[in-house]
There are 2 protein chains.
Amino acid sequence: MAKTDTKTKILDAAERLFAQKGFDAVSLRNIIEAAKVNLAAVHYHFGSKQTLLHAVVSRRLRPVNEERLAMLAEARAKAGKRKLKLEMVLESLFVPVFRAQASHKSGGSFTRLIGRVVFDRNTELQKFMVSELAQVIIQFSRAFDEALPGLNKTEMDWRSHFMAGAMAHTLCNADLLASFTGTDAGAEGCEATVQRLVEFTAAGFRAKVSTPPRKQKSS
Amino acid sequence: MAKTDTKTKILDAAERLFAQKGFDAVSLRNIIEAAKVNLAAVHYHFGSKQTLLHAVVSRRLRPVNEERLAMLAEARAKAGKRKLKLEMVLESLFVPVFRAQASHKSGGSFTRLIGRVVFDRNTELQKFMVSELAQVIIQFSRAFDEALPGLNKTEMDWRSHFMAGAMAHTLCNADLLASFTGTDAGAEGCEATVQRLVEFTAAGFRAKVSTPPRKQKSS
DNA sequence: CATTTATTCAAACGACTGTTTGAAACAGCC
DNA sequence: GGCTGTTTCAAACAGTCGTTTGAATAAATG
């Protein structure tokens, strides 16, 4: 393993650059220059720039999603017949993706990439992301329903939406916080960040509903 | 006013396209085709693509920010010597930008653009946005401090960060909610959406702080 | 009116884009 | 050795990009 695989070199460089500047703003020539490989190698190994992006995302996101589902299953097992704890569901969703930042030597670029991808308006990419996240979305929306019985569906959808926004923004723009407020995002471990995010979103989920549901069927 | 101003035609087309596909993904030729003007007109009136983007953003954001500050001032006046109400601060921040969507004939494109801009990693654009938002940031972070006395600064910064993420995501990806959950974002007026967002973020701001502040000076 | 100023237009600029090609270098195996 | 399939490489492809140019037109001013 002295000489790193070309495929890996491309993935690493692409991951870093996509996260830094975004998908459109990075050219294949930027990538192959950073990876010190030939231009054609990209198409030989990945077929196209779009497919390369898919590979970059998938490489990191797949294990994260597996861990998410595993943590959720564990939370379910621990709850037993009792009601699922909202905080544990949120932690199962946040911890794997935030931990991937610290653990992997990717230097924090990966989480920024994931956060960015959520907000990128690339039709192809969005279809791909939906397919990658399908299981996670299904399982977790069920878990939220279990953890918050009585909350009507519309309200649940919106609050999940808000929660996703807070998560994505935190992943994507951790440095913005530093520049705006002076608070250093990386000063404390990602556990502390996750803890703060869990508290914030859990409280949001549990907020008293004041909006009168005009036409609502479910409870 | 039978023949619309060329400058306005460009701004309108650019706003719609930028919001739909993003800054990098839209070419000047896409814009001038939609606006039915000559290519050189863009550089004649705006100087560059980057400056055009600034103009597009500024045209809508400036009145929004003025209204934000006005609403905040009114909330302060109404509070008198009493403590500023958190919900009113949040409403002052949300209502103008969400209402701009419904009121303006831009067809909802503007809010998506603003939401997108927050997440775009364009150095030039970020500097511009910081300068445009400077007053709003200063005034509102002061207001949050007044509405939530006792919350330490670090926690306040993080929660503002989460709140901004929820807001931006809602502005930018209202249609995502529909595709994922089936809940139609536009079904109810923007007032209802703002109301939900206020409830969610207000609860998040008020959440009990469990994270022990390791090294903290302020209260 | 003429003359200046502001605006529009078609055409081209050089640089950069993702992708393809076909030959060279390399590996492993008989 | 020769032969097979895989991987690398330089070069070129056909476009698109933001921007510039200089002449043609419209509007405004004297």
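In what follows, chains carry the letters A, B, and so on, assigned in the order in which the sequence lines appear, proteins first and then strands, with residues in each chain numbered from 1.
- Proximity of residues 46-57 of chain B to DNA chain C (heavy atom under 4.0 angstrom from any strand atom) is not detected for any residue.
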Item to complete: Starting from the C-alpha separation in whole Å, work towards a yes-or-no answer on side-chain hydrogen bond (donor to acceptor under 3.5 Å, both in side chains) for B:Asn65 and B:Arg68.
Response: CA-CA 5 Å; B:Asn65 283 342; B:Arg68 280 170 161 170; 3.0 Å; yes
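- Residues A:Ala207 and A:Arg159 share a closest heavy-atom pair of O-NH1, 2.9 Å.
- At a threshold of 4.5 Å between non-hydrogen side-chain atoms, the residues A:Met156 and A:Asp145 count as touching.
- Rounded to an integer number of Å, the gap from CG of A:Asp24 to C1' of D:dT16 is 13 Å.
- In the region residues 27-35 of chain A, proximity to DNA chain C at under 4.0 angstrom, judged on heavy atoms, holds for A:Ser27, A:Leu28, A:Arg29.
- With sequence neighbours excluded, the residues satisfying ring pair (Phe, Tyr, Trp, His ring centres under 6.0 Å) with A:His161 are B:His169.
- Taking a 4.0 Å limit (strictly below) on heavy-atom distances, residues 37-44 of chain B reaches DNA chain C at B:Asn38, B:Ala40, B:Tyr44.
- Not counting sequence neighbours, the partners of B:Phe128 by the ring pair (Phe, Tyr, Trp, His ring centres under 6.0 Å) test are B:His54.
- In this structure, A:His45 places its NE2 atom 9 Å from C1' of D:dT6, rounding to the nearest Å.
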Worksheet item: So what is the 5' to 3' dot-bracket string for DNA chain D, if pairs are Watson-Crick or G-U wobble with both distances under 3.5 Å, crossing pairs use [ ] and | means the partner sits on another strand?
Response: ||..|.|||||||||||||||||.||||||
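- Between the side chain of B:Asn152 and the backbone N or O of B:Glu155, at least one donor-acceptor pair lies under 3.5 Å.
- Counting heavy atoms from C-beta outward, A:Arg99 and A:Phe94 have side chains that stay 4.5 Å or more apart.
- Between B:Lys36 atom NZ and C:dC9 atom P the separation is 13 Å, expressed in whole Å.
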